[in-house]
Amino acid sequence: QVQLVESGGGLAQPGGSLRRSCAASGSIFRVSEMGWYRQAPGKQRELVAGISVDGNTKYADSVKGRFTISRDNAKNTVYLQMNSLKPEGTAVYYCNADVRMSSVTGSSHYWGQGTQVTVSS
């Protein structure tokens, strides 16, 4: 089995910063795409940022220039540095990863447990 364990996040003031991390563990052969999603009350889950194993990144337009995604392939860990936070960024943030458990199996999509991030004064 594979688990994604998230840490960081919580409460920040507008204009503040938070850093999230997410580590994949278990029966892992290879982790390919990793990313962060968020879901605000009454809204659909949306992509915040994604990163390939080669380090290619993509961001939602709403976070470009403020959020930075990075990863440590040796630790199967993805990070999200969130700067200049805005109240509309309040949501539950989830990490995800595409993981292969062996050389003969395909990738499966896994989710972290999700953590509330609240931006408020």
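Values reported hereafter were calculated over all heavy atoms of this structure, with side chains retained and with hydrogens, waters and symmetry mates removed. Just so it is clear, the model here is predicted, and its values are computed rather than measured.
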| Does any N or O in the side chain of Thr77 come within less than 3.5 Å of the main-chain N or O of Lys75, such that one atom is a donor and the other an acceptor? | yes

| query | How long is the gap from CD1 on Ile69 to SG on Cys95, to the nearest 0.5 Å? | reply | 9.5 Å

| request: May I have all residue pairs that pass side-chain hydrogen bond (donor to acceptor under 3.5 Å, both in side chains) and include part of residues 15-32, sequence neighbours excluded? | output: Glu6-Arg20, Ser7-Ser21, Ser17-Asn83, Arg20-Thr115

| Minimal non-hydrogen separation, Ala24 against Leu4, with atom names | CB-CD2, 3.3 Å

| Among all residues two or more places apart in sequence or in another chain, which pass the side chain to side chain donor-acceptor pair (under 3.5 Å) test with Ser108? | none

| Taking everything shown except Glu88 itself, do over 12 heavy atoms lie less than 6.0 Å from its CD? | yes

| query | Looking only at heavy atoms, which two atoms of Pro14 and Pro87 are closest? And how far apart? | reply | CG-CG, 4.1 Å

| If you group Ile, Leu, Val, Met, Phe, Trp and Tyr by side-chain heavy-atom gaps below 4.5 Å, do Tyr79 and Met82 land in one group? | no

| request: Kindly give the heavy-atom pair with the smallest separation between Arg66 and Ser84, and that separation in Å. | output: NH1-O, 2.8 Å

| field | Over 12 non-hydrogen atoms of neighbours within 6.0 angstrom of CD in Gln3 | value | no

| task | Output the rest of the hydrophobic cluster of Trp111: all Ile, Leu, Val, Met, Phe, Trp and Tyr residues reachable through side-chain heavy-atom contacts under 4.5 Å, sorted by chain and number. | result | Tyr37, Leu47, Val92, Tyr94

| query | Can any side-chain N or O of Arg71 pair as donor or acceptor with the backbone N or O of Ser52 at less than 3.5 Å? | reply | yes

| remark: Heavy-atom closest pair (Val53 atom, Asn73 atom, distance to 0.1 Å) is O-ND2, 3.1 Å

| note | side chain to side chain donor-acceptor pair (under 3.5 Å) with Ser62: of Arg38, Glu46, Lys86, only one passes, and it is Arg38

| task | Take Tyr59 and Thr68 through the test side chain to side chain contact (heavy atoms under 4.5 Å, CB included) and record every step on the way to the result. | result | CA-CA 9 Å; Tyr59 295 93; Thr68 302; 3.9 Å; yes

| Roughly how far apart are Thr57 OG1 and Phe67 CZ, rounded to 0.5 Å? | 14.0 Å

| remark: Rounded to the nearest 0.5 angstrom, the CG-NE2 distance for Asn96 and His109 is 3.5 Å

| Looking only at atom types and distance, does a side-chain atom of Ser107 sit under 3.5 Å from a main-chain N or O of Asp98, one as donor and one as acceptor? | no

